[in-house]
Amino acid sequence: MKKIVIILLIFPLIFLCSFKKKEKPYIILSSGTISLENTRRIEREFLVQQRIYFAVVAPDGFKNPGVRLQISKQDEKTSNWGFTIIQSRDLYLDTAQKAYRDYIYLRRPGRYILQFFYLNNKDYPFAHKEFLVQ
């Protein structure tokens with residue numbers, strides 16, 4: 001009887017644990033070109049006028065081809081909860097593509113946020129990263 005109870009408890013646990021968790025998209029920032037060697041190195045501080053390389057990686061591919069890249073700067077003197085939009089670009093990517101790479105320049109020091117939105121849902125970013133420029 002104990003064996004049957006144990007088997008009935010273990011079987012659902014094995015079944016539930018076997019499902020693969022969906023991986024969320026994430027952003028990699030780097031002061032040099034992004035490659036396999038520096039994807040594990042976390043960089044969050046950059047210099048003014050320095051080229052900041054970034055890659056947004058979607059392990060399961062992008063859900064929608066329309067993507068908006070938005071860079072915001074945290075500033076205490078603004079009325080939008082302390083954030084000013086510095087740059088915004090609409091991109092159209094292949095949905096089978098798993099990553100998008102590019103670079104940006106920032107001319108002023110401060111705390112910045114890099115965000116990616118789907119064009120059909122501009123309220124919530126699917127990936128974001130905070131960083132400093134000094």
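Reckoned from all heavy atoms, side chains included, excluding hydrogens, waters and symmetry mates.
Separating the CD1 atom in I34 from the CG atom in D102 is a distance of 10.0 Å, to the nearest 0.5 Å. For the atom pair Q134 CD and Q50 CD, the distance stands at 10.5 Å (nearest 0.5 Å). Distance check, rounded to the nearest 0.5 Å: NZ of K122 to CZ of R68 gives 4.5 Å.
For CZ of R89, the number of neighbouring non-hydrogen atoms (other residues, nucleotides, ligands) closer than 6.0 Å is greater than 12.
Residues A99 and Q97 approach most closely at O-NE2, 2.6 Å, considering heavy atoms. Of all heavy-atom pairs spanning K73 and G110, the tightest one is CE-CA, 4.0 Å. P59 and K98 get closest at one heavy-atom pair: O-NZ, 3.0 Å. The nearest pair of heavy atoms linking P125 to Q115 is CG-OE1, 3.4 Å.
Linking Ile, Leu, Val, Met, Phe, Trp and Tyr whenever their side-chain heavy atoms come within less than 4.5 Å puts V57 and Y103 in one cluster.
I85 shares a hydrophobic cluster with no other residue; no ILVMFWY side chain has heavy atoms under 4.5 Å from its own. The hydrophobic cluster containing Y112 also includes I27, L29, F46, V48, I52, F54, V56, F62, V67, L69, I71, I86, L91, L93, Y100, I104, L106, L114, F116, Y118, F126, F131, V133, under a criterion of side-chain heavy atoms closer than 4.5 Å among ILVMFWY residues, counted directly or through chains of members.
Taking R101 as the reference, nothing meets the salt bridge (Lys or Arg N to Asp or Glu O under 4.0 Å) condition, with sequence neighbours excluded.
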Steps toward side-chain hydrogen bond (donor to acceptor under 3.5 Å, both in side chains) verdict (Y53, R51):
CA-CA 6 Å; Y53 292 90; R51 205 179 253 198; 3.2 Å; yes
I would like to know whether R107 and Q49 meet side-chain contact (heavy atoms from CB on, under 4.5 Å); could you show each step before the answer?
CA-CA 5 Å; R107 302 183 199 298; Q49 294 289 349; 3.5 Å; yes
Please walk me through it: do N64 and L119 pass side-chain contact (heavy atoms from CB on, under 4.5 Å)?
CA-CA 8 Å; N64 193 329; L119 289 179; 5.6 Å; no
